[in-house]
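Both counts, for ligands and for their atoms, begin at 1 and track the order of listing. Residues: numbered from 1 along the sequence shown. Atoms considered below: every heavy atom in the structure, side chains included; atoms not considered: hydrogens, waters and symmetry mates.
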Amino acid sequence: MSEYIVVIFGATGDLAKRKLIPALYHLIEKYDVQNFCIIGGAFDNTSAQEILKKVKAHILPTDEKRWQYFESRFFYHHIDFKHEADYTSFKREIDNCKNRLNLHSGNTLIYFATASYFFTDITTYIAKTEIAKRTTSSNSPWTRLIYEKPFGHNLLSAHAINNAISQYFNEDQIYRIDHYLTKELVGNIALVRFTNLVFEPLWNNRYIDNVQIILSEHEGIGSRGQYYDHFGATSDVMQNHMLELLALIAMETPKTLYGNHVRDERAHVLQKVEVVDSFYGQYQGYTDEPFVDKTSTTETFTAAFLRIDNPRWAGVPFYLKTGKCLSKKETTIHIKFKSVDCLLTTCSMSANVLTIEITPKAGFSLRLNAKKPGEAHEVTPITMDFCHSCIFGQLDEKAYETLLEGIIRGEQSVSVRFDEIEYAWKIIDRLKEGKHDLFPYSCGSEGPKEIELFNKKHGIRWLS
Ligand code: BG6
């Protein structure tokens with residue numbers, strides 16, 4: 001890292017305060033970057049000091065001197081994203097910063113930490129006012145644009161945003177990101193599948209009974225009502241994080257585990273996903289959360305039954321389940337193998353299950369059968385564990401640092417290609433088609449009790 005100008009649209013939001021600005025601070029610290037300037041913009045009438053006071057709570061430990069230096073290079077400017085004239089004064093703020101700090105040769109990162117319904121306006125106006133210009137990967141200095149997920153709120157809006165972006169910028173400047181792709185255990189999925197011969201021959205509908213992807217969250221929506229009420233659980237995490245996990249689990253062997261080879265295979269799988277059924281819930285008290293419509297029918301819990309229409313996966317159900325305000329925080333994938341036939345002497349074997357735990361613990365476990373001690377033909381399930389933190393130490397939550405580092409290096413693999421996004425929205429649009437019941441559930445529970453009917457209808461037995 002050398003010299004940087006970072007522009008954050010949505011600098012007062014939850015993402016900027018909790019993840020993005022702390023990650024920038026840590027990166028600047030890690031690479032001892034001296035010359036940089038961060039300019040935040042948002043609707044709020046606030047100040048850089050006010051924003052950073054909140055950010056500081058997420059940066060531990062803090063080297064006070066370094067923090068003060070960081071503070072001295074962080075600026076805030078009010079902007080109405082939909083108001084073209086505001087971008088002229090915003091540009092002035094950026095130019096002032098460049099002039100004061102002699103940053104004219106600096107590379108520029110522009111981060112869209114806003115809801116996606118602002119993406120088109122911001123993209124258009126930063127191009128028109130030349131806050132950002134079309135460059136190519138070989139240009140120096142470069143400008144890179146980073147769009148947070150979800151990219152749009154359905155297929156149509158995703159297309160509109162993408163058309164606006166490609167009108168003004170080159171594809172190699174664009175990063176549509178999904179922070180799940182930088183999680184340590186997510187990176188491990190393809191590696192473990194394709195480097196261990198014990199798994200790949202069994203990775204198909206002959207041996208796999210079903211796949212479950214579960215993203216449970218203990219927290220409610222907190223102060224994110226304004227954003228969340230427009231999207232709901234299905235678009236907030238299923239359209240991106242969970243479908244990317246599904247794609248990594250189900251893709252064919254890529255030529256290499258890098259860049260477009262992996263993106264090609266992920267896209268092929270997503271293109272073949274079929275929707276069978278879905279189920280929705282809303283936690284009690286959701287409509288009392290700040291900025292949430294009192295009559296909101298936004299779902300905070302979704303379960304989906306999907307299939308993949310290709311020779312490898314024909315007939316294998318993929319079950320996805322996510323929710324806010326549940327009993328625990330956990331992101332897990334279970335791959336349940338088929339049961340073996342009864343042996344002459346015993347029938348009590350359970351199916352093997354490979355579990356990949358992404359958060360909060362990181363690791364894999366494989367459920368096998370073993371002989372019950374002392375009993376001649378009794379079988380007992382045992383678990384073989386790979387605990388990531390036991391071997392490699394506690395995982396730091398560094399997803400955003402890894403992401404920004406990747407973007408600075410120009411690594412496109414941290415970015416989701418538009419065709420993947422397009423296929424994912426087609427799936428979500430189909431899931432949301434028509435009218436669905438919305439079942440209430442209490443906070444801290446496992447979700448709506450009525451999911452039992454959905455489970456019964458499809459013969460689903462969730463593994464957690
Ligand atoms: C974000 C969603 O993308 O992912 C949040 O907007 C969700 O609603 C979060 O809480 C989950 O990510 P993680 O890394 O905490 O599992």
Side-chain angles (χ1 to χ4, degrees), residues 10 13-20 22-23 58 111-119 146-153 158 175-189 213-246 248 280-283 286 289-292 296 298-302 320-333 356-363 388 394-404 414-416 420-421 424-425 428 443 447 464:
D14 200 59
L15 173 79
K17 282 185 293 204
R18 284 196 311 125
K19 310 263 187 181
L20 186 56
H58 301 284
Y111 206 108
F112 292 68
T114 68
S116 59
Y117 38 79
F118 295 118
F119 287 0
I146 310 160
Y147 294 86
E148 255 301 325
K149 47 95 347 218
F151 192 85
H153 59 272
Y175 291 78
R176 304 169 194 87
I177 52 142
D178 180 337
H179 77 276
Y180 257 62
L181 292 180
T182 59
K183 284 188 188 269
E184 188 61 33
L185 260 283
V186 175
N188 240 315
I189 295 174
I213 301 173
I214 298 169
L215 193 160
S216 305
E217 296 195 84
H218 186 56
E219 306 271 312
I221 59 154
S223 55
R224 299 171 69 214
Q226 219 160 14
Y227 153 80
Y228 196 90
D229 207 34
H230 276 94
F231 288 86
T234 323
S235 305
D236 181 41
V237 294
M238 202 171 268
Q239 186 270 345
N240 35 78
H241 308 329
M242 298 180 79
L243 285 178
E244 285 296 332
L245 294 180
L246 176 145
L248 285 169
Y280 302 93
Q282 187 187 75
Y283 67 81
Y286 170 75
E289 299 279 21
F291 308 112
V292 170
S296 173
T298 299
E299 79 287 357
T300 61
F301 180 100
T302 306
L320 276 58
K321 185 168 70 166
T322 184
K324 296 256 182 215
C325 231
L326 297 174
S327 63
K328 59 181 172 199
K329 169 145 179 92
E330 185 182 271
T331 303
T332 314
I333 303 168
I356 304 169
E357 190 170 339
I358 291 158
T359 51
K361 283 189 262 149
H388 190 281
Q394 210 58 41
L395 266 189
D396 292 339
E397 252 311 332
K398 285 207 223 156
Y400 275 84
E401 267 173 74
T402 315
L403 196 82
L404 289 169
V414 297
S415 156
V416 183
E420 295 178 71
I421 290 178
W425 274 125
I428 299 302
C443 266
S464 67

Does an N or O anywhere in [X] fall below 3.5 Å from an N or O of ligand 1?
{"X": "K149", "result": "yes"}
{"X": "T331", "result": "no"}
{"X": "Y228", "result": "no"}
{"X": "T359", "result": "no"}

Can you sort out which atoms of ligand 1 are near [X], meaning under 4.0 Å from one of its heavy atoms?
{"X": "D236", "value": "2 (C), 5 (C), 6 (O), 8 (O)"}
{"X": "H241", "value": "1 (C), 3 (O), 4 (O)"}
{"X": "K183", "value": "13 (P), 14 (O), 16 (O)"}

Task: L215 backbone acceptor or donor facing T322 side chain under 3.5 Å - done: yes
Open item on the list: As a check for students: among F231, Y180, Y227, identify the option with a heavy atom nearest to atom 16 (O) of ligand 1.
Closed with: Y180
TODO: Could you check which of K324, K329, E219, E217 puts a non-hydrogen atom nearest to atom 13 (P) of ligand 1?
DONE: K329
Open item on the list: Suppose we screen for salt bridge (charged side-chain N to carboxylate O under 4.0 Å, His left out). Which residues come up paired with K324, at least two apart in sequence or across chains?
Closed with: E217
Open item on the list: Show me the pairs that pass side chain to side chain donor-acceptor pair (under 3.5 Å) and involve residues 230-246, at least two apart or across chains.
Closed with: K149-D236, D178-H241, Y227-D236, T234-E299, T234-T302, S235-K432, E244-R266
Any side-chain heavy atom of [X] within less than 4.5 Å of one from [Y]?
{"X": "F151", "Y": "V416", "answer": "no"}
{"X": "V292", "Y": "T298", "answer": "no"}
{"X": "L243", "Y": "L320", "answer": "yes"}

Open item on the list: In terms of relative ring orientation, are F112 and Y147 parallel, tilted or perpendicular, with 30° and 60° separating the classes?
Closed with: parallel
